[in-house]
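As the structure is a computational prediction, the values presented were derived from the model and not from experiment.
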Amino acid sequence: MNRDEARPRASAKGRANKGPVQRLAVLGATGSIGTQTLEVVRLFPEKFKVVALAGNRNIELLHAQALEFSPACVAVGDDASAQALRRRLEGTGIAVLQGKSGLREAACWEGVDVIMAAIVGFAGLESVVAGIEAGCTIALANKETLVVAGERVNALLRAHGGRMVPVDSEHSAIFQCLVGEPAGAVESITLTASGGPFRTRPLETFDRITREEALRHPNWAMGSKITIDSATMMNKGLEVIEAHWLFHLPPERIDVLVHPQSIVHSLVNFADGSSKAQLGQPDMKVPIQYALSYPDRWPAPHPRIDWSAAGRLDFERPDRRKFPCLELAYEALRQGGAAPAVLNAANEAAVALFLKDRIRFVDIPRAIETAMAQFDGPAHPSLDDLVALDRAVRRRVEELYGAPAY
């Protein structure tokens with residue numbers, strides 16, 4: 001089946017699934033979060049029907065997933081990948097979509113009521129918006145959606161009566177700690193960070209950090225972009241901005257602590273002086289499952305903590321001289337408007353250049369700081385404004401920092 005034969009729904013208001021089976025679209029199905037989401041689906045086959053899958057160019061894995069889960073449609077990034085996948089899926093009745101429009105169609109496909117939004121970066125924004133407008137519940141693993149367009153996304157959620165449940169382990173932890181708590185009881189929240197691979201590395205050696213070193217995270221197995229973000233601590237900065245839009249707290253009430261064991265996933269500090277934390281092994285399947293099962297908790301064979309052998313839990317302040325990306329993210333949040341979109345676009349462009357060995361590790365925050373100084377935008381940018389700004393910032397970073405580094 002090709003795109004012309006596809007039958008996505010135009011609108012899904014009032015179509016929330018009333019039965020016991022969640023009809024799921026997994027966007028970013030071939031990435032780390034997407035593949036772990038499908039592991040959760042395998043644990044509970046009676047609770048899910050996979051209706052749509054979206055990947056980029058990994059058609060080998062996407063083909064295998066399509067044969068296993070028999071979705072109504074799959075979406076891929078480009079025409080060549082779509083043609084190759086159509087040949088492989090010929091006779092299955094599975095529609096193959098392509099490009100940005102195909103991704104939006106997959107998000108809004110007839111019958112989808114829950115979207116696992118796991119596409120990395122700015123590229124995931126439009127499909128999340130389409131899903132909200134279609135009345136779907138969003139399980140949000142794409143933090144950039146709120147970093148770039150938090151004001152617009154929250155307005156859409158209000159307008160469409162939508163629901164968004166966080167998947168990031170830190171935001172899931174806060175979400176879980178807030179269940180049953182009265183409104184207005186929160187004094188502050190604390191996001192924990194592993195500190196990445198360079199927590200103890202001397203600052204004077206940072207100009208010699210290689211791509212391979214930056215991709216060796218001590219605790220988590222993640223995709224390359226988010227792993228580099230963890231190494232620069234930009235990932236935590238993006239999470240601070242995401243937390244602002246999820247939990248409606250100003251930046252001065254959102255704190256970050258380095259916790260190298262990655263057992264305490266985050267904390268909520270209350271007005272009476274008490275704190276609540278959510279703890280667990282560093283396993284993303286737990287917050288993925290919670291986002292899909294909320295408000296229930298389903299028994300599952302995920303790893304448990306052996307508290308008798310847990311030893312110690314350490315916490316320390318992040319070194320903002322070594323990791324200036326964290327302060328840049330706070331500054332973007334304080335500036336508001338389009339500043340977080342500039343921050344995100346510059347970071348994505350700089351990380352891509354670093355992964356190609358075209359800039360050094362220390363050039364990543366420099367590129368972001370330069371872009372933030374050069375670009376301004378409207379105080380309340382539209383989605384079209386954000387798309388145009390994203391393109392312009394990426395082009396500028398490429399122009400300024402695209403020369404080979406080695």
Handout entry: Side-chain heavy-atom pair Ile33, Met116 within 4.5 angstrom cut-off
Key = yes
Exercise for the section: Give a yes or no answer on whether the side chain of Asp363 reaches the backbone of Arg360 with a donor-acceptor pair at less than 3.5 Å. Expected result: yes
Practice task
Kindly say whether Trp298 contributes a backbone atom to a donor-acceptor pair with the side chain of Asp296 at under 3.5 angstrom?
Solution key: no
Problem - Shortest non-hydrogen contact from Ala231 toward Ala214 - result: CB-O, 3.9 Å
Handout entry: Side-chain touch Val342/Leu389, heavy atoms, less than 4.5 angstrom
Key = yes
Problem - Non-neighbouring partners of Gln289 that pass side chain to side chain donor-acceptor pair (under 3.5 Å), sequence neighbours left out - result: His302
Problem - His160 versus Glu133, side-chain donor and acceptor atoms under 3.5 Å - result: no
Problem - Between Ser382 and Asp385, a side-chain donor and acceptor under 3.5 Å - result: yes
Exercise for the section: Check whether any side-chain heavy atom of Leu85 lies under 4.5 Å from a side-chain heavy atom of Leu62, and answer yes or no. Expected result: yes
Handout entry: Closest approach of Ala371 to Ala346 (non-hydrogen atoms, all atoms of both residues)
Key = CB-CB, 3.6 Å
Fill in the blank from the handout: When every non-hydrogen atom of Phe354 is compared with those of Ile209, the smallest separation belongs to CE1-O, 4.2 Å
Completion exercise
Here the salt bridge (charged side-chain N to carboxylate O under 4.0 Å, His left out) pairs for residues 330-344, sequence neighbours left out, are Glu327-Arg334, Glu331-Arg334
Completion exercise
Taken to the nearest 0.5 Å, the spacing of Asn235 CG from Thr227 OG1 works out to 9.0 Å
Handout entry: Main-chain N/O of Ala349 paired to Glu398 side chain as donor or acceptor, under 3.5 Å
Key = no
Handout entry: Which residues share a side chain to side chain donor-acceptor pair (under 3.5 Å) with Thr145, sequence neighbours left out
Key = Asn142
Practice task
State plainly whether the residues Lys236 and Glu239 are in salt-bridge range, i.e. N to O under 4.0 Å.
Solution key: yes
Problem - Heavy-atom check, side chain of Val165 versus side chain of Leu140, under 4.5 Å - result: no
Practice task
Compute whether any side-chain donor of one residue and acceptor of the other, for Asn269 and Ser188, lie under 3.5 angstrom apart.
Solution key: yes
Problem - Distance in Å, Phe323 CZ paired with Phe198 CZ, rounded so as to fall on 0.5 Å steps - result: 8.0 Å
Practice task
Indicate yes or no: at least one non-hydrogen side-chain atom of Leu97 is less than 4.5 angstrom from one of Val76.
Solution key: no
Practice task
Evaluate the side-chain proximity of Val153 to Trp245: yes if any heavy-atom separation is below 4.5 Å, no if none is.
Solution key: no
Handout entry: Stepwise side chain to side chain contact (heavy atoms under 4.5 Å, CB included) test for Met234 and Val351
Key = CA-CA 10 Å; Met234 176 56 85; Val351 168; over 6 Å; no
Problem - With sequence neighbours excluded, residues passing salt bridge (Lys or Arg N to Asp or Glu O under 4.0 Å) with Arg42 - result: Glu68
Practice task
Enter the distance from Glu242:CD to Ile174:CD1 here, rounded to the nearest 0.5 Å.
Solution key: 9.0 Å
Practice task
Check whether the ring centres of Tyr294 and Phe175 lie less than 6.0 Å apart, and answer yes or no.
Solution key: yes
Exercise for the section: Taking Asp283 for its side chain and Lys285 for its backbone only, find out whether a donor-acceptor pair lies under 3.5 Å. Expected result: yes
Problem - Residues Ser230 and His217: side-chain donor-acceptor under 3.5 angstrom - result: yes
Handout entry: Rounded distance [0.5 Å steps], CG in Asp229 versus OG in Ser224
Key = 9.5 Å
Practice task
Run the numbers on Ile138 and Arg163 for side chain to side chain contact (heavy atoms under 4.5 Å, CB included), then give the verdict.
Solution key: CA-CA 6 Å; Ile138 308 296; Arg163 185 171 79 172; over 6 Å; no
Exercise for the section: Give a yes or no on this: more than 12 heavy atoms of other residues, nucleotides or ligands lie within 6.0 Å of atom CD of Glu369. Expected result: no
Practice task
Mind jotting down which residue pairs meet the side chain to side chain donor-acceptor pair (under 3.5 Å) criterion with at least one end in residues 250-261? Sequence neighbours excluded, please.
Solution key: Asp255-Arg317, His259-Gln261, Gln261-Asp314
For residues 47-55, dump all side-chain donor-acceptor pairs below 3.5 Å to protein atoms at least two apart in sequence or in another chain.
unit_1	atom_1	unit_2	atom_2	d
Lys49	NZ	Ser70	O	3.0

Handout entry: Residues Arg23, Asp113: salt bridge by 4.0 Å N-O rule
Key = no
Problem - Glu60 side chain near Gln65 side chain, heavy-atom distance below 4.5 Å - result: no
Problem - Main-chain N/O of Leu355 paired with Arg211 side-chain donor or acceptor, under 3.5 Å - result: yes
Exercise for the section: Considering non-hydrogen atoms only, spot the tightest contact between Ala345 and Arg394 and give its length. Expected result: O-CG, 3.9 Å
Practice task
Answer yes or no: does atom CG of Asp78 have more than 12 heavy-atom neighbours from other residues, nucleotides or ligands under 6.0 Å?
Solution key: yes
Exercise for the section: Could you grab the distance from atom CD1 of Ile189 to atom OG of Ser266, nearest 0.5 Å is fine? Expected result: 7.5 Å
Handout entry: Electrostatic pair Glu316-Arg199, nearest N-O below 4.0 angstrom
Key = yes
Problem - Donor-acceptor pair, side chain of His265 and main chain of Gly280, under 3.5 angstrom - result: yes
Handout entry: Heavy-atom donor-acceptor pair, Lys100 side chain to Glu126 backbone, under 3.5 Å
Key = no
Practice task
Show your working on side chain to side chain contact (heavy atoms under 4.5 Å, CB included) between Ile241 and Leu343 and close with a plain yes or no.
Solution key: CA-CA 11 Å; Ile241 302 173; Leu343 172 99; 3.8 Å; yes
Exercise for the section: Provide the closest heavy-atom pair for Cys177 versus Phe270 in the form atom of the first, atom of the second, distance. Expected result: O-CZ, 4.1 Å
Exercise for the section: Determine the interplanar angle of the Phe247 and His171 rings, folded into 0 to 90°, and report it as parallel if under 30°, tilted if 30 to 60°, perpendicular if over 60°. Expected result: parallel
Practice task
Report, as yes or no, whether the 6.0 Å neighbourhood of atom CZ on Arg304 holds more than 12 heavy atoms from other residues, nucleotides or ligands.
Solution key: yes
Exercise for the section: Scan side-chain atoms only and decide if Gln374 and Thr370 contain a donor-acceptor pair under the 3.5 Å cut-off. Expected result: no
Problem - Exercise: identify the closest heavy-atom pair between Ala350 and Val397 - result: N-CG1, 4.1 Å
Practice task
Answer yes or no: is there a side-chain heavy-atom contact under 4.5 Å between Phe315 and Val258?
Solution key: no
Practice task
Rounded to the nearest 0.5 Å, what's the gap from CZ on Arg152 to CG on Leu125? Could you check?
Solution key: 11.5 Å
Exercise for the section: Carefully, step by step, assess Phe122 and Arg391 under the rule side chain to side chain contact (heavy atoms under 4.5 Å, CB included). Expected result: CA-CA 10 Å; Phe122 183 85; Arg391 290 173 180 163; over 6 Å; no
Problem - Residues Ser101 and Glu105: side-chain donor-acceptor under 3.5 angstrom - result: no
Practice task
Would you check if the side chain of Ser127 reaches a backbone N or O of Leu103 as a donor-acceptor pair within less than 3.5 Å?
Solution key: no
